[in-house]
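Report on the structure given below.
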There are 2 protein chains.
Amino acid sequence: MPTIKDVARKAGVSVGTVSRVLAKNDTVKQPLRERVLKAMAELDYSPNLTARALRTNRIDVLGLIIPDITNPFFAQLAKGIEMEAAKRGHSVMLSNSHDDPEAEAVQVTALCDRAVRGIIVVATHGSQVRRAVDLPIVSLDRRYGDYALVATDHFDGSGKIADHLHALGHRKIAYIAGPMSMDVAQQRKSGFVSRIEALNTPEDPIELTLHEGHFDYDSGEEIGHRILSGPQRPTAIAAASDQLAIGVLRSARDLKVDVPGELTVTGFDDITLASLVVPRLTTIRQPFEALAISAVERLFNSAEKEPGDEAIAGDLVIRETSAPPPGAKSL
Amino acid sequence: MPTIKDVARKAGVSVGTVSRVLAKNDTVKQPLRERVLKAMAELDYSPNLTARALRTNRIDVLGLIIPDITNPFFAQLAKGIEMEAAKRGHSVMLSNSHDDPEAEAVQVTALCDRAVRGIIVVATHGSQVRRAVDLPIVSLDRRYGDYALVATDHFDGSGKIADHLHALGHRKIAYIAGPMSMDVAQQRKSGFVSRIEALNTPEDPIELTLHEGHFDYDSGEEIGHRILSGPQRPTAIAAASDQLAIGVLRSARDLKVDVPGELTVTGFDDITLASLVVPRLTTIRQPFEALAISAVERLFNSAEKEPGDEAIAGDLVIRETSAPPPGAKSL
DNA sequence: CTGAAAGCGCTTACAG
DNA sequence: CTGAAAGCGCTTACAG
């Protein structure tokens, strides 16, 4: 590999001059600059990034720590981050924490040692911040330590679902929340409940029943079964996640309850499966792109005033599982 | 950040000595070593990896270029690679080529400039290798240039499916291949066909019809429809991918053809959806882990004799979509 | 505008 | 066994 020295010799200039044309911003006179450019081309020279990093003490790499790249949601995030970083000429270093706080701590340290430009972390459950680091860090989706968080506006999204259901005419609704130990689950639930409460009037009352499960298919199926076999069957079930909702869909199929004819079902997240399932699921689409862009942006603007948390709204995606309740007047 | 110099001063030794205890292998006498260790601990020292890299001209980072991390298959691969790299104390730098040969070329160059230890690339379609690089490179799943390829043994896997179908008693089989422009599709098809041919005897003849589609749900649904509406309906349909197979499943549901009672359906890949779909799909599980491990291993052993391609066998996963043909004697 | 030189933080022969 | 010193390939004041 040719070095800056080789280029300098070939062009008959000093290494300082070569470095200056590399930096572009400086004013190297035309004739010299051309000789240098020519020499670089002929030698197929490209600067040693490691040396540059050592000298300037900064490297154009971002660190990303996520629980599991195999989770489609995180994969989407990772893709968005990689693209946004690439736009700025940065690469991204990826680590899977496997939702293990221990591993996460090690990875944060490793990234610090590599002196990356900054780190984006989707925290594990129960992650602990070891030592203070000097790098900019931003939490994404799930908060890491005390660092500012960029996340979907779960409260708002659930509210949109509530509005949608209400507008469709549903007045007998069941909500299946995620585990209350999780922030997301709480936020989604309270967004839904508070919107319903706001919509609820004495003249046009809404019946809302609350259930709690885990964010997975089986939980949805089990709870769906229970709700649908019960005496007072609701006309709509809003689930706190797509996985829950898809479980509900299964239970409905099992019990021969027609969706959306007899029952409306909604989810949250818009995982790939949501549009693959039959009928296709009405849900809230998480703003992957906006989340990724904002997180990367913060790393680059970290010099500025410490920005607070950011909640980004997701869009309501109306598909085939939501419709007016049976017997409703057509709209 | 404290440097090696600070440690040396604090311990009252030379930087060379500190460096030697860092390297471990060397013999620094006990008393000195302890003083150094103590100084490092007190200063919370960790070596500057960039400086080390510049000096030693090697960095403990692997490059990974894949078409799209959002594709579950690639995500699995990426995860395996990251874990295997971590075991060896290496990080991985991830790039999405978006199946764009142009972007891919840029990314290879970028990784070379960063002087990573080696690069694993899942090639785009029509990727072209620009200039020769001095780093070890290995192709994964899809060949990049002339570099050795580590991939699933598609031929073998399809043969296993053929065996499975034959053993169940199916003698009237349809095979839906992927697009013949793709190597994988060809290999899977020829693996299936040649196995069937081997099994075919005058006394116990097999009827095999061949179809060609794309690797997606719609294609499977469309072709499935055609096959199942035709006059000579087969008792089994082997699809070249899970997506195709799931499309077939849909068409069967549409046409009220019971799976597996009246029709056996099989896929290839074992995507997540394969075990989520109802009934759950019988398929060939790609050996993600083994693929990842082998690819990483090759990067580390690249000094040794140039190894050739490697085809790793996947396992047959028997689930609910395969059964003896209707009217078969019970086994 | 350009060159000579120092220095980023390490590692590793070379002496002793 | 340990220290002094060179050097990895850059960038950037400092002179001129």
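Given the structure is predicted, the values throughout are model-derived calculations rather than measurements. First the proteins, then the strands, lettered A, B, ... as listed; each starts at 1.
In this entry C:dA4 has no Watson-Crick or G-U wobble partner, no candidate having both defining distances under 3.5 Å.
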Checklist entry - Yes or no on side chain to side chain donor-acceptor pair (under 3.5 Å) for A:Asp113 and B:Ser46, after CA distance, side-chain angles and deciding distance? => result CA-CA 7 Å; A:Asp113 285 351; B:Ser46 64; 3.0 Å; yes

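Checking D:dA4, C:dG9, D:dT12 against the side-chain heavy atoms of B:Ser14 singles out D:dA4 as nearest. Distance from the side chain of A:Val15 is smallest for C:dA5 among the nucleotides C:dG9, C:dA5, C:dT12. Of all nucleotides listed (C:dT12, D:dT11, C:dT2), C:dT2 comes nearest to the side chain of A:Leu32. Among C:dA4, D:dC1, D:dT11, the nucleotide with an atom closest to any side-chain atom of B:Lys29 is D:dC1. For B:Ser19, the side-chain atoms get nearest to C:dT11 when compared with the rest of C:dG3, D:dC10, C:dT11. Nearest nucleotide to the A:Thr17 side chain, out of D:dG3, D:dC10, C:dG3: C:dG3.
For the pair B:Lys5 NZ and D:dA4 P, the computed distance is 13 Å after rounding to whole Å. One interatomic measurement links the two molecules: CG of B:Asn57 to C1' of C:dC10, which rounds to 13 Å at whole-angstrom precision.
Residue contacts for A:Arg55: at a heavy-atom cut-off of 4.0 Å it reaches a base atom on one of the strands shown. Among the heavy atoms of the strands lying under 4.0 Å from A:Thr3 are primed sugar atoms or P, OP1, OP2 only; no base atom is included. Within the nucleic acid shown, A:Asn48 comes within 4.0 Å of sugar-phosphate atoms alone, with no base atom in reach, counting heavy atoms only.
Taking only side-chain nitrogens and oxygens, A:Tyr45 comes nearer than 4.0 Å to OP1 or OP2 of D:dC10.
Atom CZ of A:Arg58 sits in a sparse spot, with 12 or fewer heavy atoms from other residues, nucleotides or ligands closer than 6.0 Å. Other residues, nucleotides and ligands contribute at most 12 non-hydrogen atoms within 6.0 Å of the CD atom of B:Gln128.
A residue-by-residue look at A:Gly12 and B:Pro2 shows that A:Gly12 has its nearest nucleotide of DNA chain C further toward the 5' end.
Salt bridge B:Glu34/B:Lys38: absent, no basic N to carboxylate O contact under 4.0 Å. Residues B:Asp309 and B:Arg143 are paired through a salt bridge, judged by an N-O separation under 4.0 Å between the basic side chain and the carboxylate.
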